[in-house]
Amino acid sequence: MSDQQGTIESHPLGAKTYPPSPEFRAAANQQDPSIYWRAAEDPEAYWAEQARKLRWTKPFTEILDWSNPPFAKWFADGELNVSANCLDRHVEAGLGDRVAFHFEGEPGDTRTITYAELTAEVKRAANMLTSLGVQQGDRVAIYMPMIPETVIAMLAVARLGATHSVVFGGFSAESLRSRIDDAAAKLVITADGGFRKGRVSALKPTVDDALSLDTGTELSVEHVLVVERGGNDVSMQEGRDLWWHEEITAFDAEHTAKGFPAENPLFILYTSGTTGRPKGIVHTSGGYLTQTSTTHRDAFDLKPETDVYWCTADVGWVTGHSYAVYGPLANGTTQVLYEGTPDTPDWGRWWEIVQKYGVTIFYTAPTAIRACMKVGRQVPEQYDLSSIRVLGSVGEPINPEAWRWYREVIGAGSAPIVDTWWQTETGAFMISPLPGLTTLKPGSAQIAQPGIAVNVVDDAGNPVERGQGGLLIVERPWPSMVRTIWGDDQRFIDTYWSKFGDRYFAGDGARLDEDGDVWLLGRVDDVMNVSGHRLSTAEIESALVEHHAVAEAAVVGADDETTGQAVVAFVILKSQQHLLTPENAEGELKKHVASQIGAIARPRQIFVVSELPKTRSGKIMRRLLKDAAEGREVGDTTTLADTMVMQTISDRVRAER
Ligand code: 6R9
């Protein structure tokens with residue numbers, strides 16, 4: 001097998017490219033390519049210029065302080081109020097009547113909230129939190145469904161200079177408690193329950209369980225504030241628990257926002273670490289708001305006067321923080337906020353919402369796109385999606401098959417797709433096309449944002465040649481970067497900065513193509529080594545889903561006596577296809593992969609399964625599939641959306657061994 005076949009050096013993706021249409025380009029926020037070199041020439045000046053678009057109560061004179069790497073400070077002598085930048089600033093500019101949120105509850109209830117109304121609600125809530133003793137520096141845990149009060153709570157905490165820690169509503173009592181303990185939160189804001197898949201999913205009872213666990217850590221929580229949403233029965237502990245709607249009536253909508261230092265911690269967000277306890281990623285204020293608002297405006301080509309923007313991510317994830325709350329609100333965006341799942345009451349729900357509100361910018365994840373593909377294009381085709389003009393993708397590499405479907409079926413064959421690469425740790429987009437400038441390549445996130453410098457290096461830290469694969473790094477500090485891991489500076493240093501000095505190690509494999517565009521290849525632990533050849537799980541998965549009978553695929557590298565690692569694939573077949581049966585699928589698909597990529601990539605085994613193990617944010621947990629493929633006891637499944645999936649899969653694998 002020559003090195004030209006079956007390795008990441010021959011990524012077979014995306015032959016056809018998609019330049020911006022002349023009309024799109026002519027109207028785009030960024031239509032002059034010189035932005036890239038101007039920003040590269042003096043990134044600090046570029047970011048300072050962006051930062052000055054925000055409202056500072058005390059202007060900054062320092063830009064970047066990197067005197068103590070890896071602990072960066074941006075705009076450190078400046079002061080601002082993040083919440084006032086998202087609210088009061090717009091109202092004072094005469095935009096109070098603009099809709100901030102079109103809220104759509106899962107059962108069909110709706111609320112329209114203008115910037116003036118949102119500002120008033122946040123002021124009231126800030127007064128309420130003050131009365132509960134919340135001050136600058138305090139931590140507040142938020143465990144909520146996707147409803148307006150969740151955003152109001154975040155902005156009220158931020159307004160006081162306190163720090164929120166949003167915990168995804170699907171997490172267990174144990175996970176919630178460990179996050180409360182780690183941050184020593186003094187207040188928990190929750191709801192009785194929220195609507196999910198047609199029924200009420202309780203939240204307050206989980207908070208009760210979390211707070212009554214004996215963890216060996218003294219409970220930091222003084223109060224629990226409960227929003228009424230699900231209408232489910234909950235018990236309220238006298239003195240500790242308070243109803244939001246009862247308390248808030250005592251407070252008026254007068255509240256003057258005070259400025260806080262640019263490096264005041266805005267939030268902690270825990271990422272599911274591969275091992276050990278979750279990492280509390282710390283983000284601060286001025287740099288974070290600068291980069292989220294800039295990238296939101298430029299990568300989505302946002303026109304706040306006319307666009308209706310919808311990011312489908314739950315606010316329990318970083319995408320919800322940066323691109324459903326802070327970035328869009330700092331830009332005065334009109335957004336859709338939807339409480340439920342895309343399949344309730346049926347798979348037309350998202351598209352019905354797009355049609356109803358005339359959504360123009362739509363941002364979701366490849367896993368959701370593939371789920372919609374599986375159901376079939378006849379569903380979105382029943383709705384008028386002609387308002388859509390920009391599409392976004394995030395969370396994992398988007399396979400070209402899904403990319404083309406997304407553009408064709410959702411984007412009327414013309415909407416640019418911005419494939420945005422970033423992480424909880426980066427806070428905001430790092431690699432993404434600019435839709436008025438970039439000729440799109442399906443499957444590649446392509447190019448660093450202006451003012452950001454990324455590279456692909458080998459293990460020794462030397463840049464790879466074009467056409468080669470390696471590890472993705474960020475060359476210089478950026479405004480929205482993680483500042484530390486909460487309470488654990490050493491872990492911060494060890495995790496991200498021990499490999500390449502003061503260059504940030506992202507943990508992702510990547511390849512530079514002949515044009516210098518970046519192709520993300522998945523986490524480095526997802527890059528396999530088969531007979532000394534580097535193979536990417538993403539590459540083989542992409543080949544598998546290119547097959548007409550395959551709906552979804554996950555690939556892992558399993559230990560193999562002769563080849564070091566061998567490729568093991570798990571596939572879901574499309575339901576309405578008649579060409580492959582589970583019995584003949586294995587042979588046919590092995591042949592298909594070999595012909596698409598090369599014999600080196602031919603999977604050793606292919607298992608047809610009905611579901612894949614996913615986290616609640618939709619990421620496939622390949623680590624567990626690897627356990628099953630290697631015949632080990634399957635590891636920790638507590639972060640799975642459906643913990644039974646792995647049992648079924650390991651039984652299947654065992655039966656074949
Ligand atoms: C925003 C978010 C981060 C990891 C990251 C990478 C993967 C995210 C991607 C992508 C390829 C993209 N990832 N976006 N891979 N193309 N456009 O997802 O944050 O949950 O912290 O995950 O997700 O592997 O390292 P987070």
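The structure presented is a predicted model; accordingly, all values stated were derived computationally and were not measured. Side chains are part of it too, since the values below use all heavy atoms of this structure and drop only hydrogens, waters and symmetry mates. In each ligand, atom 1 is the first atom listed, and ligand 1 is the first ligand listed.
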Next on the checklist: Set out, in order, the CA-CA distance, both residues' side-chain angles and the distance that settles salt bridge (charged side-chain N to carboxylate O under 4.0 Å, His left out) for Arg370 and Glu552, then state yes or no.
Outcome noted: CA-CA 7 Å; Arg370 288 195 299 267; Glu552 196 153 8; 3.3 Å; yes
Next on the checklist: Assess, by modelled atom type and distance only, whether the side chains of Ser444 and Asp517 contain a donor and an acceptor separated by less than 3.5 Å.
Outcome noted: no
Next on the checklist: Ring of Tyr18, cation from Lys16 - is the NZ or CZ under 6.0 Å from the centre and inside 45° of the axis?
Outcome noted: yes
Checklist entry - Side chains of Leu269 and His283: does their closest heavy-atom pair fall under 4.5 Å? => result no
Item to check | Set of residues satisfying side-chain contact (heavy atoms from CB on, under 4.5 Å) with respect to Thr312, sequence neighbours excluded | outcome: Trp310, Trp350, Phe362, Thr364
Checklist outcome for this item: The protein residues that pass the under-4.0 Å heavy-atom test against ligand 1 are Val318, Thr319, Val394, Gly395, Glu396, Pro397, Asp419, Thr420, Trp421, Trp422, Gln423, Thr424, Asp508, Leu520, Arg523, Lys619
Item to check | Under 3.5 Å: donor-acceptor pair, side chain of Glu396, backbone of Lys619 | outcome: no
